[in-house]
2 protein chains.
Amino acid sequence: MIDTKQRILDTAERLIADRGYAATSLRHIIGEAGVNLAAVHYHFGSKEDLLDELILQKATGVNTERLALLDRFEAEAGGGPVPVEKVMSAFFEPMIEVGSRNPQFVRLMGRMYAEGLLAAVVAKHFQPTLARFLDVLRRSLPHLPDAELSSRAQFMIGAMSHAVCGQRPFSQLIGEPQPADFRCTMRRLMVFLSGGLKAPATPEVHQ
Amino acid sequence: MIDTKQRILDTAERLIADRGYAATSLRHIIGEAGVNLAAVHYHFGSKEDLLDELILQKATGVNTERLALLDRFEAEAGGGPVPVEKVMSAFFEPMIEVGSRNPQFVRLMGRMYAEGLLAAVVAKHFQPTLARFLDVLRRSLPHLPDAELSSRAQFMIGAMSHAVCGQRPFSQLIGEPQPADFRCTMRRLMVFLSGGLKAPATPEVHQ
DNA sequence: GTCTATACTGAGATAGAC
DNA sequence: GTCTATCTCAGTATAGAC
């Protein structure tokens, strides 16, 4: 065998992107990859760790690009706040770029979100990136209390997760005329999130 | 046994709200409920159908209340467009009300979203409600093309899903000082979504 | 119509031989 | 590094008692 580990990774990526994580059994993966079941546990430890390595390989490049763009926009702002639209751009454009070149990446990410695998596997790969973006956003939106900014970051992540998700459960319900392409959806998302982030702070109510 | 079916439902609700759907085995449920394994399949057919009935019981009341509120706001508008904030209010206030009285309902819904069980089980219970809200929103936001409104509805659902999710994977990453209470989070969500929905239409780019 | 006992299939994980 | 054999536990299906 040339490279058992990489063959497992490649096959897993394809099958999980197509069918989802839960629906893709290790026995299915090893069958198509032509390797032994125990080899998966030898190289990765568990099915979840296999997914973890897959995400790591795919997400690292995007996050590096995001941080580089954010650095550039911050330098351009010369110490002042970075406009919200620029922050959104730094976050989403690298994703659009990769997604347009490699649709499988988008489908895989969508699967992760759709199956709720963020908490255990995905979150840690995005932690440093998100923390950095939050720091920049805090200065772009000085009218927002910290707690409200945190909430809005959650909303942002949720909207993105759902938008990236390939199999959108409400698509036909909402009457989407045709499956909009990824780039178009992401641009709409950036506009939507910019509008939401710039909304006035929620008034405190005591009732 | 007094009522086997309801005991199964009650125990399942509690366990799934606490541990999640995938992590709650039927054998765990029947152990705590004191019933036989096959009784579950007799009454519900499958584990997924059990979940389906659970969601149905919980969601019907909320959706009825939502539609009633929307009807009232539409009547108040007297044929004109209903303000976006009113539409958000009709959608979220019934949820806030139920969630404040019965926190377990919120945790269960959060689990559904977190585990990506919308597509198969949850979506159909919300379909008529969502379609109705979309129709009203379309007239509240006449500057938006239909395709863009559909996208924004997706973003809205995604943001809500993630916000309702009890175990928020990015909470500590983002540095949320303390677990904000449900009512407060939902009010922030309404403000955020109103801002996003009212954003200008995304300019068409051809590149 | 309700429920019990039991068996079946497929999943992920593991120990140990080579 | 790799593979065979096996373990445990999951959801499911069925036969039959009451």
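The figures that follow rest on heavy atoms only: side chains count, while hydrogens, waters and symmetry mates do not. Naming convention: chains lettered A, B, ... in sequence-line order (proteins, then strands); numbering from 1 in each chain. Keep in mind the model is a prediction, meaning the values are calculated, not measured.
In terms of phosphate contacts, B:Y42 brings a side-chain nitrogen or oxygen within less than 4.0 Å of OP1 or OP2 of C:dT2. Contact check, A:H41 against C:dT14: no side-chain N or O comes under 4.0 Å of OP1 or OP2. Contact annotation: B:H43 side-chain N/O to C:dC3 OP1/OP2 distance is under 4.0 Å. Of the side-chain N and O atoms in B:T4, none sit less than 4.0 angstrom from OP1 or OP2 of C:dT2.
Summarising the geometry of A:P94 relative to A:S89, their closest heavy-atom pair is CD-O, 3.9 Å, with the distance given to 0.1 Å. Pairing each heavy atom of A:P81 with each of A:R139, the nearest pair is CB-O, 3.2 Å.
Atom CD in B:Q6 sits roughly 16 Å away from atom C1' in C:dT2 (whole-Å rounding). Straight-line distance from the CD1 atom of B:I29 to the P atom of D:dA10: 11 Å, rounded to whole Å. In this structure, A:L26 atom CG and C:dT14 atom P are separated by 12 Å, rounded to whole Å. We find that NE2 of A:H28 is positioned 12 Å from P of C:dG12, with the value rounded to whole Å. Between the CG atom of A:N36 and the P atom of C:dG16 there is a distance of 17 Å, rounded to whole Å. Atom CD1 in B:I8 sits about 12 Å away from atom P in C:dT2, given to the nearest Å. We find that CZ of A:R27 is positioned 16 Å from P of D:dC9, with the value rounded to whole Å. Protein atom CG of B:L50 is 11 Å distant from nucleotide atom P of D:dG11, rounded to whole Å.
Counting any heavy atom pair closer than 4.0 Å across all strands shown, A:A39 reaches no nucleic acid atom.
Residues A:L9 and A:L54 form a side-chain contact, since some pair of their non-hydrogen atoms from C-beta on lies under 4.5 Å apart.
Of the two residues contacting DNA chain C, namely A:S25 and A:G45, the nearest-nucleotide position lying further toward the 5' end is that of A:S25.
No side-chain N or O of A:T129 forms a donor-acceptor pair with one of A:R66 less than 3.5 Å apart.
For A:A38, whose side chain is taken as the heavy atoms from C-beta onward, the closest listed nucleotide among C:dG12, D:dT4, D:dT12 is D:dT4.
Classification of the A:F192-B:F192 ring pair by plane angle, with boundaries at 30° and 60°, yields perpendicular.
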